Amino acid sequence: MEVRTRFAPSPTGFMHLGGLRTALYNYLFAKKNGGKFILRIEDTDQERFVEGATQVIYDTLRGCGMDWDEGPDVGGPCGPYIQSERKDLYLPYAQQLVASGHAYYCFCTKEELEERRAAAEARGEVFKYDKHCLHLTKEEVQRKLDAGVPYVIRQNAPTEGETSYDDLVFGHMTFPNETLDDMVLIKQDGMPTYNFANVIDDHLMGITHVVRGTEYLSSTPKYNLLYAAFGWEAPQYIHLPTVMRDAHHKLSKRDGDAYYSDFIEKGYLTEALINYLALVGWNPGDDREFFTLPELIEAFDIHRLNKAPGIFDMDKLTWFNAEYIRRMDFERYLTMVTPWFDRVLAGKGMDYRRLAELMQGRTEVFNRVPDMVRFLAELPDYDLELYTHKKMKSNPEVAMQALTLCRPVMEGITEWTEQNIHDALMAAIAQAGMKNGAVLWPLRIAISGQANTPGGAIEIAWLLGKEETLRRMDDGMARLTRAAQG
RNA sequence: GCCUCCGUUGUCUAGAGGCCUAGGACGCCGCCCUCUCAAGGCGAAAACACGGGUUCGAAUCCCGUCGGAGGUGCCA
């Protein structure tokens, strides 16, 4: 039988990384088995409707290379793939369950329920619906229905015995039926709950494997009871361990940073994100760490899925990102880094190509680029302490000597190329009998104003151009002179 | 509280009774390279939650304890 998986997000306006990973595993499992990956939008919560939210889902999934075989915009034999457009389809199924005794009408209001819930909590108990409306007579129910009293339809879960199922990751799961609450199937507004819609839709869409987070682990028996009530075969379940922000908190929507779009805006690469995400809760069984999407499909195996929650490690993600950037084709890097250069260097006539060569190996995340190259636009105010470097055998006095030595040499260079700058400087240093570091360190400080720079004195001098380099050297000597006098 | 699940270095993990003096990766630290930083090379520190069993032998099996997570919505 063909494997069919589905990713069923609710359109909140953002794609959460935990959700993205769920989508990834659904996609990988389907493709690994030559099956179909289906996208279904679960928008049954009208109060949470967000304009344009489905587009975010499409863009994110496509951006990550996870094309779906069936879905809202591409169609398919089981459409529509947006639950709100399937609205009228669910009620008859619920009524069928009422007829067979597996569900019942409930007229309790939200307020009443809220009161009883609060009362239960006050007593230190946990509220569980008491099947109050299950005991209404047929006539009473009909009278209320005729009178237009608002209602919901609840599942009539058994109170004795136990229900179990086999999860492909967690194994055999057994739950006492007495812990099963009579969950709402159809809400007062006529819309199905997620709990109900997902069962109906998964069946109607022929989903063979449900891949989702462990938050559904304990409601799964209720779903299976529903499948059984309809006489349908339940799908296989693959529950995924939670992605955590830290040891105690789930990587949640409230963290703000957990959205795919945030990472992309910061300058994380989609490939790095996907690669890293795949490894939170799964491993290939060997030491490989770098995977393209096709390679992930090839390597994916649900038996290597973990059960324990995994903490999202920003440092490791950043390392992956830096690795992907280093391995990136230079022309692509140049294209990607240009807007980040522009933020601080626009209009400065800087040679982006050379700067990019210097920067590619040092770029971990693109949003760190502006701060790294800003000194090229304007010499920052700096502390003269920077001239002191033990290992380079440099201090303010040495720096003064070095700059005094370099100044005429630099001025004398007619063709401003890195090679010429290098040769002229090296010759002068050798002639003066000084150490390379003792000259080049102060020079770099004078023209950059900071301890660390992408590239050394020669590269930076070339990037700045002769005029600006000389100006900054003069500035440095002036600073040193002032300090020596003061 | 109740139900369910989980528990190897700071983090992600390998490990399915002897191959483990517990392997890899990130991070951290040190050294080398070097005009800085980064990259690269080399090296170090760092874990089987605890307690009982079973066994000739346990990170691996069983029980308990502790710790953590998820669920307990007319959210999904």
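Quantities reported herein were computed from a predicted structural model and do not represent experimental measurements. Below, read A as the first sequence line, B as the second, and so on, with proteins coming before strands; counting in each chain starts at 1.
Within the 4.0 angstrom heavy-atom criterion, no nucleotide atom of any strand lies near A:Q83. Here A:E289 lies in heavy-atom contact (under 4.0 Å) with sugar-phosphate atoms only. Using a 4.0 Å heavy-atom cutoff across all strands shown, A:G455 reaches at least one base atom of the nucleic acid. Within the nucleic acid shown, A:T174 comes within 4.0 Å of sugar-phosphate atoms alone, with no base atom in reach, counting heavy atoms only. At the heavy-atom level, A:M183 lies nowhere under 4.0 Å from the strands shown. Among the atoms of the strands shown, base atoms are found under 4.0 Å from some heavy atom of A:T109. Using a 4.0 Å heavy-atom criterion, one finds that A:M244 contacts the sugar-phosphate atoms exclusively. Among the heavy atoms of the strands lying under 4.0 Å from A:A457 is at least one base atom, whether or not backbone atoms are also near. Residue A:A247 is in sugar-phosphate contact alone, with no base atom involved, counting any heavy-atom pair closer than 4.0 Å across all strands shown. Within the nucleic acid shown, A:L443 has no heavy atom closer than 4.0 Å to any nucleic acid atom. Across all strands shown, A:S219 has no heavy atoms under 4.0 Å from either base or sugar-phosphate atoms. A:C108 comes within contact range of at least one nucleobase, with a heavy-atom separation under 4.0 Å.
The phosphate of B:A76 (OP1 or OP2) has a side-chain N or O of A:K187 nearer than 4.0 angstrom. Close to B:A39, at under 4.0 Å from its OP1 or OP2, lies no side-chain N or O of A:R327. OP1 or OP2 of B:C2 has not a single side-chain nitrogen or oxygen of A:R123 nearer than 4.0 Å.
The distance from atom CZ of A:F127 to atom P of B:G71 is 19 Å, rounded to the nearest whole Å. Here B:C26 presents its P atom at 10 Å from CZ of A:R326, a figure rounded to the nearest Å. Between the P atom of B:U13 and the CZ atom of A:R288 lies a distance of 17 Å, rounded to the nearest Å. Atom pair A:Q155:CD and B:G73:C1' shows a separation of 15 Å (rounding to whole Å applied). Between the CD atom of A:E162 and the C1' atom of B:C3 there is a distance of 12 Å, given to the nearest Å. The nearest whole Å value for the distance from the NZ atom in A:K222 to the C1' atom in B:A76 is 13 Å. The interatomic distance linking A:F196 (CZ) with B:A76 (P) rounds to 14 Å, in whole Å. Taking atom CG of residue A:D313 and atom C1' of nucleotide B:C28, one finds them 12 Å apart after rounding to whole Å.
A:T363 and A:Y333 are linked by a side-chain donor-acceptor pair at a separation below 3.5 angstrom, with hydrogens and angles left out of the test. A:H248 and A:D246 form no side-chain donor-acceptor contact under 3.5 Å, judged by distance and modelled atom types alone. Side-chain contact of A:T214 with A:T242: a donor-acceptor pair under 3.5 Å is present, judged by distance alone. With no hydrogens or angles considered, a side-chain donor-acceptor pair links A:Y268 and A:T318 at under 3.5 Å. With no hydrogens or angles considered, no side-chain donor-acceptor pair links A:Y276 and A:N321 at under 3.5 Å. With no hydrogens or angles considered, a side-chain donor-acceptor pair links A:Y382 and A:Y387 at under 3.5 Å. Side-chain N/O atoms of A:N177 and A:T163 include a donor and acceptor closer than 3.5 Å.
As the counterpart of B:U72, B:G1 is assigned, both hydrogen-bonding distances of the Watson-Crick or G-U wobble pattern falling under 3.5 Å. Pairing partner, B:G67: B:C6, with both Watson-Crick or wobble hydrogen-bond distances short of 3.5 Å. Using N1 to N3 plus N6-O4 or O6-N4 for Watson-Crick, or N1-O2 and O6-N3 for G-U wobble, each under 3.5 Å, B:U55 pairs with nothing. The partner of B:C31 is B:G41, by the rule that a Watson-Crick or G-U pair needs both atom distances under 3.5 Å. Under the Watson-Crick or G-U wobble criterion, with both distances below 3.5 Å, B:C20 is left unpaired in every strand shown.
Closest contact between the side chain of A:H248 and the listed nucleotides B:G68, B:C3, B:G70 involves B:G68. Set against B:G70, B:C26, B:U72, the side chain of A:D315 has B:C26 as its closest nucleotide. Listed nucleotides B:C26, B:C6, B:U36 differ in distance to A:K316; the shortest reach to its side chain belongs to B:C26. With distances taken from any side-chain atom of A:R154 to the nucleotides B:A76, B:G24, B:C74, the minimum falls on B:C74. Distance from the side chain of A:R444 is smallest for B:C35 among the nucleotides B:C74, B:C3, B:C35. Here the side chain of A:K391 is nearest to one of B:C35, B:U34, B:A38, namely B:U34. Taking every side-chain heavy atom of A:T179 into account, B:C3 is the closest of B:C35, B:C74, B:C3. With distances taken from any side-chain atom of A:Y216 to the nucleotides B:A14, B:A76, B:C35, the minimum falls on B:A76. Among the nucleotides B:A14, B:A76, B:C3, the one closest to the side chain of A:N306 is B:A14. Taking only side-chain atoms of A:T44, from C-beta outward, the nucleotide of B:C35, B:A76, B:C74 with the closest atom is B:A76.
When the C1' atom is compared between B:U11 and B:A46, the two are found 12 Å apart, to the nearest whole Å. Rounded to the nearest Å, the gap between the C1' atom of B:A22 and that of B:A69 is 26 Å. Separation of the P atoms belonging to B:G7 and B:U21 is 23 Å when rounded to the nearest angstrom. The separation of B:G43 from B:C35, taken at their C1' atoms, amounts to 26 Å, rounded to a whole angstrom. On the P atoms, B:A38 is 13 Å away from B:C31, given to the nearest whole Å. The gap from the P atom of B:G10 to that of B:G71 amounts to 27 Å, rounded to the nearest Å. Distance check on atom P: B:C66 versus B:A47 gives 26 Å, rounded to whole Å. Going from the C1' atom of B:U54 to that of B:C62 covers 7 Å, rounded to whole Å.
Looking at which nucleotide of RNA chain B each of A:S218 and A:W441 is closest to, the 5′-most match is held by A:W441. Checking A:A451 against A:R304, the closest nucleotide of RNA chain B that is more toward the 5' end is the one next to A:R304.
The aromatic rings of A:Y129 and A:F127 sit perpendicular to each other, their planes meeting at more than 60°, with 30° as the lower class boundary.
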Exercise for the section: Quick one: do A:Y216 and A:Y223 satisfy ring-ring contact (aromatic ring centres under 6.0 Å, His included)? Show the steps, please. Expected result: CA-CA 10 Å; A:Y216 301 104; A:Y223 304 151; 7.1 Å; no
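By the neighbour-count criterion of 12 heavy atoms within 6.0 Å, atom NE2 of A:H172 is densely surrounded, having more than that number from other residues, nucleotides or ligands.
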